[in-house]
Amino acid sequence: MIATKPDEMGDWRRTHYSLEIVSKMEGKKATVFGWVSSVREQGGIVFLIINDKKGTVQITVHKDKAPKLVLEKLKYLREHSSIGVRGMVKSMNKAPHGAEIVPEEIRVLSTALRQPPFSLFGGRIPSIDKRLDIRAIDMRRPKAQAIFKMRHAVLTAIREFLISRDYMEVSTPKIIATATEGGAALFPLLYYDKEAFLAQSPQLYKEQLIMPFEKVFEIGPIFRAEESRTVRHLSEVVSVDVEEAFVSYEDVMKLIEQLIRHLVQALYEKCKEEMKLLERRLTTPSSTFECITYDDALKILDKEGLTVNWGEDLSTQALKALGGVMPKFYFIKDWPTSIKPFYIKPRDDKQDICEAFDFMYGSIELASGGSRVSSKRLLMRRLKEQGLKPKLFEYHLRTFDYGMPPHAGFGLGLDRLMMVLTGQENIREVAMFPRDQFRLTP
RNA sequence: GCCUCGGUGGUGUAGCCCGGUCUAGCAUAGGACGCUGUCACCGUUCUGACCCGGGUUCAAAUCCCGGCCGAGGCGCCA
C-alpha cells in the first residue's frame, strides 16, 4: 500500500454515530466518522464497514452509480484507515442494522500504513505481550472494548453506590516518606534531594480521614515492587479503599456484599451486550455471602488432604484447593493476628485472633479488610510486635491522641475484581497499560 | 528470586523427539484478477518466515553450548 496524502477533515463534523443510522432515516443525509474495519468487494458493489465509538455502520458503493472520486478513494482503504463518509441513508433489510449509507463523498483522513499484529474480527489473537506493544490499537478489538466498557460501568457503579450511602471520595498522597509500613516492597524514588516511595496503600491516610469525614473512599493507584510473576499480580493496580468510623469488620463485610450485588446488577443493566460477547454469565450473588473462619478454612483444607499449620498464611496451592470447594464469592475471617498487619484489631476475648477478613472469589483474593486498632497504646505495641519502629509512624500515631473512634475498612483490588466480572484469566487483559516486573511500556 | 517450557512469513500454527524427503505445510492478512447484496463473502493466483552467535556433522528449523526475548508455575505479595 502506497501512502497517499490524506484528505483534510475540513468543515465536516459528525452528524450521526454508526448506530444512529437506522431505516427511519431513509433519504436523509448523514456524515459519519470512524475506522474501516472491513472492505468487501463483490463484483460491482463494495461494502465497507466503518466502526466508531458506538458500533458499526455499512457503507455501500455501487460502482456504476458512485461518483468517480468515491471510487478513487476506495483504492486507498484498508482495515484501520480512519475516514469520514457523507451520503444518503438508505433503508435496506439486507444491511447489518437495516440501513446503510450510499456515499456522495469519502474523506480518507489517515491510511493504515502497516498491518496490525492481529485481526479485529475472528481469527486467533496473538499473545497479550504482542498486543500490548500496540495496545491502543489492540483495545479496538470488540472483546477488549467490552472489557473496558464493563470496567467503566463498574467504576461508575462503585461511585454511585458509595456516594449514595454518604461516603466521601478522597485522594491521598501517592508519594510517601517512609518505607516502613510493613512487608510489601516499595518503589523508591528521588524526591528532590530526598528518598521517597510510591504508596502501596492509602491505609494510614484513610484511617486518619475518618476523623474529619467519618465515611471515606478512594479509588486510586497503588504500587507494589514485588517480584511477582503471575497472572494475577501487577506492579501498579487500582485499589478501591473504604474506611468508616463507628463500625466493625462485620459491618464492612455487609457493605461489600451489597456493593458486589449492586455491581452485578449494574452490569446486567448497562453491559448486556458486552457480557454476551465475553460469554460471561454472572449469577447475581445472594444477599449473604458464605463466610468461613480461618479455622474453618484449615479444616476444609485438611479434608482436601492439605495440612496447613495454624498461624501460617494460605499458600497459592491452599487457596486453589479452597477455591475448588468454594468457587464463588465468600469471606474468610478471624485470621491469626500474627499474619495480619499491625493496624488490624485483635479480638478482645482472644488476642491471637484478629478481626480481619479476606474477600474471595474462588482462589483469588479480591479484598482484605478488618476492624482497625483505635487505641494508640495498642497500636504501638502491635507495631513493635511486627518489628516496626513507632517513631517512624509518629505523624500517624499523633492522630490517635485526639479521640480516634472504632473504625473499619477494606481495600478492594479493582483489577482482580474486573478479572472475575469479565472472566479473564490474566490480569493484564483488564488493565489498559499494565505494569509488571518486566514491562514498563507502553 | 527459583523451577519448567517456548521463540518458524504481518498474525496464529505444522514440522523438531528420530538431522537429508523442507525449494519449510496450513490458516489468516497483504498484492493482482473475476464476481451487483456482502456481513470473518467467495473463487483463481502471487508475495512473505526458521530469534542472535558459536559448535557438532558430508548435511542443522531439527542435536549441543552461550546470549537475547517471551510464557507458565512456585515463592514473595503489612
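Here is how names work: the chains are called A, B, and so on, in the same order as the sequence lines, proteins then strands, and each is numbered from 1. As a basis for the values below, the full set of heavy atoms in this structure was taken, side chains included, without hydrogen atoms, waters or symmetry mates.
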Nucleotide B:U36, atom C1' - distance to NZ of A:Lys90 in whole Å: 11 Å

Sorted by number, the residues of residues 354-369 of chain A with heavy-atom contact under 4.0 Å to RNA chain B: none

Inter-nucleotide P distance (B:G19, B:G70), Å rounded: 32 Å

Closest non-hydrogen atom pair between A:Thr230 and A:His233, with its separation: OG1-ND1, 2.6 Å

Sugar-phosphate, base or nothing in reach of A:Ser315, heavy atoms under 4.0 Å: sugar-phosphate

Nucleotide nearest A:Thr230 (side chain, heavy atoms from C-beta), chosen from B:A71, B:U36, B:C74: B:C74

Side-chain donor/acceptor contact of A:Arg78 with base of B:G30 under 3.5 Å: no

Sugar-phosphate, base or nothing in reach of A:Val231, heavy atoms under 4.0 Å: sugar-phosphate

Aromatic ring pairing A:Trp335/A:Tyr294, orientation class (parallel under 30°, perpendicular over 60°, tilted between): tilted

A:Ser239 versus A:Asp241, side-chain donor and acceptor atoms under 3.5 Å: yes

Protein-nucleotide distance (A:Lys63, atom NZ; B:U38, atom P), rounded to Å: 17 Å

Selection from B:C77, B:U38, B:U36 that lies nearest to any side-chain heavy atom of A:Ala95: B:U38

Aromatic ring pairing A:Phe357/A:Phe331, orientation class (parallel under 30°, perpendicular over 60°, tilted between): perpendicular

Nearest listed nucleotide, side chain of A:Thr60, among B:G37, B:G1, B:A71: B:G37

Rounded C1' spacing from B:C18 to B:C69 in Å: 29 Å

Span that lies between the P atom of B:G73 and that of B:G15, in whole angstrom: 24 Å

C1' gap between B:U44 and B:C51, integer Å: 36 Å

Inter-nucleotide P distance (B:G48, B:C35), Å rounded: 28 Å

Whole-Å C1' distance, B:G43 and B:U11: 23 Å

Within-4.5 Å side-chain heavy-atom neighbours: A:Arg86 and A:Thr15: no

RNA chain B contacts among residues 16-32 of chain A, heavy-atom distance under 4.0 Å: none

A:Glu226 side-chain proximity, nearest of B:G72, B:C77, B:U38: B:C77

Intra- and interstrand pairs of RNA chain B - dot-bracket, Watson-Crick/G-U under 3.5 Å, | marks other strand: (((((((..((((......[....)))).(((((.......)))))....(((((..]....))))))))))))....

Note, A:Glu244 side chain near A:Asp251 side chain (heavy atom, < 4.5 Å): no

Sugar-phosphate, base or nothing in reach of A:Lys65, heavy atoms under 4.0 Å: nothing

Out of B:C35, B:A71, B:U38, whichever nucleotide has its closest atom nearest the side chain of A:Glu41: B:C35

Salt bridge A:Arg372-A:Glu243, side-chain N to carboxylate O under 4.0 Å: yes

Interatomic distance at P, B:A60 relative to B:C50, whole Å: 15 Å

Among B:U38, B:G37, B:C77, the one nearest A:Glu100 by side-chain distance: B:G37

Ring geometry between A:Tyr205 and A:Tyr395 (parallel below 30°, tilted from 30 to 60°, perpendicular above 60°): tilted

Residue closer to the 5' end of RNA chain B, A:His233 versus A:Lys94 (nearest nucleotide): A:Lys94

Considering only distance and modelled atom types, tabulate donor-acceptor pairs under 3.5 Å from the side chains of residues 134-141 of chain A, sequence neighbours left out.
residue	atom	partner	partner atom	Å
A:Arg135	NE	A:Met432	O	2.8
A:Arg135	NH1	A:Asp138	OD2	2.7
A:Arg135	NH2	A:Arg428	O	3.2
A:Arg135	NH2	A:Ala431	O	2.8
A:Asp138	OD1	A:Arg141	NE	2.6
A:Asp138	OD1	A:Arg141	NH2	3.3
A:Asp138	OD2	A:Arg131	NH1	3.3
A:Arg140	NH1	A:His80	ND1	2.9
A:Arg140	NH2	A:Asn51	OD1	3.0
A:Arg141	NE	A:Asp138	O	3.4

Atom pair distance, as rounded to whole Å: CZ in A:Phe223 and P in B:C76: 24 Å

Audit row: A:Leu314, A:Leu298, side chain to side chain contact (heavy atoms under 4.5 Å, CB included) steps and yes/no: CA-CA 9 Å; A:Leu314 303 180; A:Leu298 259 47; 4.0 Å; yes

Whole-Å gap separating C1' (B:G70) and CG (A:Asp436): 11 Å

Sugar-phosphate only, base, or nothing, as touched by A:Arg428 at under 4.0 Å among non-hydrogen atoms: nothing

Phosphate OP1/OP2 of B:G72: any A:Asn426 side-chain N/O under 4.0 Å: yes

Distance-only donor-acceptor test (3.5 Å): side chain A:His62, base B:G37: yes

Heavy-atom side-chain contact between A:Asp436 and A:Arg229 under 4.5 Å: no

Nucleotide B:G72, atom C1' - distance to CZ of A:Arg232 in whole Å: 11 Å

Whole-Å distance separating the CG atom of A:Asp129 from the C1' atom of B:C5: 16 Å

Gap in Å between the two P atoms, one belonging to B:U62 and one to B:G55, rounded: 14 Å

Within 6.0 angstrom of A:Glu394 CD, more than 12 heavy atoms from elsewhere: yes

Residues which pass side-chain contact (heavy atoms from CB on, under 4.5 Å) with A:Leu198, listed by chain and number, not counting sequence neighbours: A:Phe187, A:Leu189, A:Phe223

Test item: A:Leu414 and A:Val154 side chains (from C-beta on) under 4.5 Å apart, heavy atoms: yes

base_contact_polar (B:C76 base, A:Ser228 side chain, donor-acceptor, <3.5 Å): yes

A:Phe393/A:Tyr343 aromatic ring centres below 6.0 Å: no

Heavy atoms of other groups near A:Lys174 NZ, more than 12 under 6.0 Å: yes

Whole-Å gap separating P (B:C77) and CD1 (A:Ile427): 17 Å

Nearest-nucleotide 5' precedence on RNA chain B, A:Thr316 against A:Gln42: A:Gln42

Phosphate-side-chain proximity, A:Gln437 and B:G1, N/O vs OP1/OP2 below 4.0 Å: yes

Student check: side-chain heavy atoms of A:Met326 and A:Met360 closer than 4.5 Å: no

B/S/- contact track for nucleotides 6-12 of chain B, protein heavy atom under 4.0 Å: ----BSS

Quiz item: A:Glu425 side-chain donor-acceptor pair to B:G72 base, under 3.5 Å: no

